[in-house]
Amino acid sequence: MQPIVTPFHHSATGTWSYVVADPATQEAAIIDPVLDYDWKAGCTGTTAPDRIVEHCRAAGLKLRWILETHAHADHLSSAQYLKGVLGGDVAIGQGIRSVQRTFKKIFGLGPEFQPDGSQFDRLLDDDTTLPLGAGSIHVIPTPGHTNDSVSFLVGDAVFVGDTLFMPDSGSARCDFPGGDAAELYRSVQRLYSLPAGTRMFVCHDYMPGGRAAVCETTVEEQRSANIHIRDGVDEAAFVRMRKERDATLDVPSLIIPSVQVNIRAGRLPAAEADGISYLRVPVNVFGRPKS
Ligand SMILES: [Fe+2]
């Protein structure tokens with residue numbers, strides 16, 4: 001099956017979201033959709049998901065799945081908004097439970113937040129298969145960036161989340177709680193064992209050198225040209241590079257709201273007695289206090 005892939009770029013966060021459709025039946029999945037968020041004002045927005053809604057309606061697609069490659073730390077998910085408008089089941093890798101346990105502690109969440117994955121419609125086991133029209137979606141476990149990270153293989157297209165970026169941008173950071181550079185190396189080797197011509201779609205592009213945003217490459221191009229991890233780079237060298245580089249990276253600007261919404265499958269925390277939803281800010285937890 002050669003699915004029709006429509007990418008959507010969210011310039012504020014450098015995120016790529018996708019609509020993947022089976023051409024035979026028009027059944028579709030959305031992967032990694034973004035909810036706009038203005039941190040200064042504490043306001044959400046639906047400009048980004050509304051573009052996806054418009055596309056799905058114009059193309060006459062039937063939405064079956066809303067898939068997350070992992071609990072993102074750099075943007076909020078619009079999974080629940082899209083489910084409300086278009087239907088579909090929200091799914092994520094089963095590793096989300098461990099991510100939820102970690103962040104429940106970090107954000108000091110109470111008993112109302114259960115770290116059992118029940119916020120999602122479906123938790124995906126490693127190497128499970130989901131139906132999509134006449135074809136299917138294969139769930140490839142690709143931990144390392146986070147321990148819930150998965151990639152989705154649909155026909156000749158693989159959606160790798162934050163495992164790899166474009167060849168000139170390398171790989172994702174591994175310094176979030178639960179991240180592991182050696183694990184990421186092994187996950188990438190698994191992706192590199194796919195057929196050379198497999199189309200590969202990344203979740204972020206930060207436009208190095210001012211070039212235009214790009215989302216698509218191939219297994220072959222990554223194996224020969226990825227600046228961090230290509231054929232011939234061994235695990236020890238990759239782990240060393242990743243650790244040195246991660247030590248220089250800033251905390252993502254939306255990590256505090258993103259994680260709290262994304263571990264709830266794209267929901268805001270339940271409204272309090274005044275009808276308002278509140279996010280928590282753990283002070284001096286992410287990053288270091290400035291002296
Ligand atoms: Fe990520």
Side-chain angles (χ1 to χ4, degrees), residues 7-18 30-37 39 48 66-79 90-100 102-103 106-107 120 124 139-152 158-166 169-188 191 200-208 213-215 217 222 226 228-229 242-243 245-266 286-287:
F8 294 84
H9 188 241
H10 187 253
S11 56
T13 60
T15 305
W16 285 104
S17 307
Y18 298 96
I30 295 171
I31 300 177
D32 290 332
V34 178
L35 186 71
D36 300 292
Y37 190 73
W39 192 206
I66 301 167
L67 305 174
E68 301 283 2
T69 53
H70 61 292
H72 306 274
D74 64 292
H75 67 266
L76 282 67
S77 165
S78 58
V90 180
I92 196 166
Q94 47 80 23
I96 186 65
R97 290 174 293 203
S98 132
V99 173
Q100 288 176 325
T102 301
F103 284 105
I106 288 174
F107 285 105
F120 294 82
L124 306 170
V139 179
I140 304 174
T142 46
H145 168 61
T146 62
N147 50 10
D148 65 333
S149 290
V150 296
S151 297
F152 299 109
V158 67
F159 300 84
V160 299
D162 287 5
T163 304
L164 288 166
F165 299 141
M166 293 301 287
S169 304
S171 59
R173 65 195 300 171
C174 295
D175 59 335
F176 295 150
D180 184 319
E183 227 174 18
L184 182 65
Y185 181 88
R186 293 190 285 270
S187 293
V188 170
L191 294 172
M200 184 181 282
F201 295 90
V202 301
C203 185
H204 286 290
D205 189 55
Y206 302 111
M207 301 177 272
V214 191
C215 65
T217 177
Q222 293 281 33
N226 187 284
H228 292 167
I229 183 165
R242 206 50 275 172
K243 284 197 170 140
R245 184 168 162 71
D246 288 349
T248 70
L249 299 176
D250 268 350
V251 176
S253 44
L254 290 180
I255 192 168
I256 287 174
S258 296
V259 171
Q260 291 178 77
V261 168
N262 296 342
I263 60 174
R264 293 178 167 94
F286 296 102

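Both ligands and their constituent atoms are indexed starting at 1 by order of listing. Numbering of residues begins at 1 and proceeds along the displayed sequence.
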Legend entry - N/O donor-acceptor pair under 3.5 Å between Asp32 side chain and Ser17 backbone: no
Inset, instruction - Could you check if a side-chain atom of Cys174 sits within less than 4.5 angstrom of a side-chain atom of Asp180, using non-hydrogen atoms only? - result: no
Inset, instruction - Check for a donor-acceptor pair, side chain of Arg242 on one end and backbone N or O of Ser171 on the other, with a separation under 3.5 Å. - result: yes
Inset, instruction - Return yes if some donor-acceptor pair links the side-chain N/O of Asn262 with the main-chain N/O of His75 below 3.5 Å, else return no. - result: yes
Legend entry - Within-2.8 Å protein N/O/S contacts of the Fe ion (ligand 1): His70 NE2, His145 NE2, Asp162 OD2
Inset, instruction - Tell me, please, which residues at least two apart from His9 pass side chain to side chain donor-acceptor pair (under 3.5 Å). - result: none
Inset, instruction - Would you mind reporting whether Ile140 and Phe152 have side-chain heavy atoms less than 4.5 Å apart? - result: no
